Amino acid sequence: MIKKDKEGLTSQMSTSSGKARKKMRPRGSMPSSWFTLPTDLQAMEDKVEEELLASREESREKWTSQYSFFLGLIGSAVGLGNIWRFPSLIAMFGGGPFIVAYIVVLLLIGLPMMTLELTLGQKFQGGDVDAFGAINPRFRGIGVASVLSSFIASTNYTVILSWAAIYFFESMIPSLPYSIHSKEESPDGKYSFDRYIHGAKVHFNSTHFGANSLDEVHGNFNWKSFGALLLIWLLIYACIFKGIRIVSHVVKVTATVPVIIIIILAIMGSFQEGATNGIMVYLGMAEENIAVGIDSSSPSTWSVLSNKDIWIRAIGQVFFSLGLCMGCVTAYSSFNPKNQNISRDGKIICISDFVASLLAGVSVYEMLGFVRKTCNETAEDKTLCEDIYRKGGFELAFVTYPAGIAMSYSPNLWGILFFGCLLFLGIDSAFSMIIAFTTVIEDAWFAKRWKLTKPVLTAIVCIVGFLLGFIYLFDTGYFLMDIADHYLSDWCLMLIGFVQAVACGWVYQSPYQAKRVGKFSVVLYDMCFFVAITLGVIIAVSGNDDSDVDVIWVGVFIGMFVWIFGLVAAVLLSKGRVNGIREKIWCIAGWHGPDMIRRMVNKEYEPEWEPGHAKDEAKALLRFDMISLPFGFLIKYIIPGVLLLLVGLALSKDLKEPYNGYAMAWNLLGILIVISVLSCMLILFLFPRLWYDIKYSGEGDPSLSSWLKWVFIPKSVNSVEDIKLARKRSGGA
């Protein structure tokens with residue numbers, strides 16, 4: 001019998017004598033190492049993990065209905081970016097071409113990643129940490145990194161919502177504060193476009209920025225935004241403090257009201273002069289379309305599809321719009337029953353988000369068409385009219401659109417509807433980020449040990465988020481938000497997405513591959529693939545933008561050569577149970593992890609379904625409620641390569657010159673964010689026990705080296721108490 005210490009740990013972990021450890025080890029068990037637990041303890045933990053998963057499903061909160069889950073996730077996905085970023089990208093790239101690029105990226109990257117996160121959250125009944133920890137205990141850091149990114153994003157996202165709240169209440173004032181900023185009256189009561197746009201700019205800069213550049217900052221604090229930010233965080237707390245059941249009712253309002261408002265705005269906008277021209281520009285069907293596009297020398301706007309910039313922007317928009325790699329999708333799906341139809345849910349959510357973006361674009365470009373026509377007719381400075389259709393982001397939402405509101409009929413009604421829509425769109429995206437963070441904390445050992453209730457935990461997180469948002473309330477706030485957003489979106493989310501795809505496509509089920517063809521062949525092939533894509537990315541990003549040859553394709557071909565070489569070598573050197581060449585190639589290069597995920601989902605609806613069978617694969621391809629064959633190939637091969645390339649392009653650009661011309665001292669905020677996120681992944685990869693149990697009682701060997709060795713070993717259960725319980729049930733062995 002194995003001797004137990006007072007914490008339920010085997011004394012194999014704490015005895016300094018190697019001879020003693022050998023003597024105490026039961027027959028057939030493997031010795032403890034820095035990488036594995038003893039076989040008997042590992043088997044026990046696997047059993048405990050199954051029991052915990054079953055009990056977690058029974059005790060875990062659930063959405064009140066499937067309809068609430070749909071609304072919650074659609075509300076989380078459809079946010080401010082659908083109003084001010086997606087429409088401007090469509091117009092920038094000539095309408096139809098960007099829609100085509102977006103759909104391709106949505107199908108090849110967005111839908112597979114959405115399905116992956118939905119499946120992991122629902123099947124493992126936990127947030128990002130539990131979901132990726134179930135794949136491998138060392139991947140818990142992926143979950144921590146994703147929710148940390150989400151929480152950091154929420155601190156500046158809520159500041160933007162506070163601006164929308166200020167504009168919402170200001171829209172109730174008969175004389176709109178963001179309209180004309182001058183006491184001079186026009187004889188006929190009409191003003192030039194210059195006056196309206198100048199008034200909107202002055203109001204936004206003076207009220208919310210206080211500076212036009214970092215050279216003009218004086219450290220002034222914005223008390224109006226402070227009050228609005230407090231209101232936003234109170235609203236977030238009120239929406240989620242009682243858990244997912246109250247969220248189920250909240251999203252019925254926050255997810256449906258903005259859609260109704262967007263439809264009303266689109267109907268109202270259709271009566272504005274110039275609205276038709278705005279829609280034509282939006283869809284790429286107007287004469288001005290070429291001027292808006294990025295390649296004005298081309299006779300066809302579809303030529304922009306050959307430019308890498310349109311694809312980079314499309315990938316970024318898909319990630320931000322769907323809320324991928326931020327823990328929100330996994331957290332929301334973890335509150336589903338384990339047998340809910342995930343494949344169908346993912347498709348519906350992606351389609352709904354895309355349709356909502358298109359509809360939002362219609363209402364926005366109707367207003368921009370009106371603004372452009374008014375500018376052409378009344379502006380003293382005609383150069384103001386040239387870039388109206390290119391507006392996006394803050395300038396669209398808080399300058400150009402408010403100027404259009406001030407010139408429209410019933411401006412107060414317009415303002416209340418538009419900024420109310422921004423509030424509703426943003427609030428459920430904001431609280432989904434907080435839910436992602438609190439879900440992970442709730443599942444951790446310290447929340448259970450400290451007995452943190454959901455209202456208390458939510459209050460702590462909201463207070464911390466509110467305090468962190470203070471840095472954006474000074475006159476440097478806009479610039480710091482710009483920096484933080486760049487490093488979060490172009491670095492952190494892409495890196496997290498890359499690691500998620502690697503974890504599921506390359507590590508999950510890798511022991512199965514090793515048993516069949518030998519560990520050496522699997523490791524050789526994996527190393528060659530990652531050397532190939534790394535080499536390809538380095539070559540692609542090191543080229544000159546002015547060269548005639550697109551070096552991205554040079555990098556692709558060189559990477560493919562290394563990859564194929566690795567595959568051939570791995571097949572020739574393989575040893576194991578598989579003999580046929582075709583079988584060896586599949587065992588080495590196949591997507592066994594994603595296929596296991598597909599198997600878990602598809603067998604819920606077709607109990608006899610198995611991956612790799614022609615009839616079953618054809619059925620999965622044709623059915624809306626099943627995950628089809630391309631899912632595995634995209635997760636394992638396409639997505640990691642594409643995301644690593646995007647990270648490489650961002651790194652190359654930022655190394656050439658600091659982001660947006662900001663001094664390196666200001667870029668330190670973004671760099672610290674990236675370091676924090678990567679540190680979470682690395683630390684928990686090396687010391688996976690830290691997230692679940694750091695308490696160690698090393699009787700006989702209390703040294704630091706012994707503790708480090710213990711904490712280095714992966715652990716698949718929540719606490720030592722679970723091991724004690726499992727031992728008790730098994731008779732104390």
Side-chain angles (χ1 to χ4, degrees), residues 7-10 12-14 30-53 56 120-121 123-149 325 327 330 334 437 439-449 495-496 498-511 593 675-698 704-724 726:
E7 293 297 333
L9 295 171
T10 62
Q12 295 177 33
M13 300 178 188
S14 57
M30 296 282 292
S32 171
S33 74
W34 279 75
F35 296 94
T36 59
L37 287 170
T39 303
D40 62 325
L41 187 56
Q42 185 64 61
M44 189 176 296
E45 289 198 345
D46 290 341
K47 181 180 179 181
V48 172
E49 181 71 18
E50 293 178 5
E51 295 177 3
L52 288 174
L53 191 59
R56 187 185 298 162
L120 294 179
K123 292 301 178 182
F124 297 117
Q125 294 289 292
D128 253 20
V129 172
D130 279 346
F132 287 98
I135 292 175
N136 189 297
R138 296 192 184 278
F139 290 150
R140 289 172 180 145
I142 299 175
V144 176
S146 65
V147 298
L148 177 61
S149 298
C325 302
T330 312
S334 72
F437 192 77
T439 298
V440 163
I441 300 298
E442 281 183 275
D443 294 336
W445 65 270
F446 43 84
K448 295 179 174 63
R449 185 168 296 174
L495 281 171
I496 292 169
F498 169 76
V499 179
Q500 284 185 1
V502 170
C504 297
W506 292 86
V507 178
Y508 190 37
Q509 294 298 305
S510 58
I675 291 174
S676 300
V677 170
L678 294 182
S679 297
C680 288
M681 279 198 280
L682 180 60
I683 291 172
L684 288 179
F685 179 82
L686 295 174
F687 307 110
R689 284 183 185 261
L690 286 178
W691 187 255
Y692 278 106
D693 190 13
I694 62 172
K695 188 175 182 180
Y696 169 63
S697 177
L704 176 62
S705 61
S706 180
W707 182 84
L708 287 174
K709 179 178 178 180
W710 173 80
V711 81
F712 187 84
I713 299 173
K715 187 167 183 285
S716 59
V717 295
N718 287 341
S719 69
V720 294
E721 297 301 324
D722 299 322
I723 302 178
K724 291 168 66 178

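From a predicted model like this one, the values you see are computed outputs, not experimental measurements. Atom set for the values below is all heavy atoms of this structure, side chains included, hydrogens, waters and symmetry mates excluded.
Thr330 meets the side chain to side chain donor-acceptor pair (under 3.5 Å) test with Asp128; sequence neighbours excluded. Phe437 meets the ring pair (Phe, Tyr, Trp, His ring centres under 6.0 Å) test with Phe151; sequence neighbours excluded. Contacts of Leu495 classified as side-chain contact (heavy atoms from CB on, under 4.5 Å), with partners at least two apart in sequence or in another chain: Val647, Leu678. Remark: Gln509 engages no residue in a side chain to side chain donor-acceptor pair (under 3.5 Å) (not counting sequence neighbours). Residues passing the side-chain contact (heavy atoms from CB on, under 4.5 Å) test with Val499 are Ile142, Met681, sequence neighbours excluded. A search for side-chain contact (heavy atoms from CB on, under 4.5 Å) contacts involving Phe685 returns Arg138, Phe139, not counting sequence neighbours. By the side-chain contact (heavy atoms from CB on, under 4.5 Å) test, Leu682 pairs with Leu686, sequence neighbours left out.
Here the shortest heavy-atom pairing between Ser334 and Gln125 reads O-OE1, 3.5 Å. For the pair Ala131 and Gly126, the tightest heavy-atom approach, listed with the atom from each and the gap, is CB-O, 4.4 Å. For Pro137 against Pro688, the heavy-atom pair with the smallest separation is O-CB, 3.5 Å. When all heavy atoms of Cys680 and Leu148 are compared, the pair lying nearest together is SG-CD2, 3.7 Å.
The CZ atom of Phe132 sits 9.5 Å away from the CD1 atom of Ile496 when rounded to the nearest 0.5 Å.
Between Leu120 and Ile135, the closest side-chain pair of non-hydrogen atoms falls below 4.5 Å.
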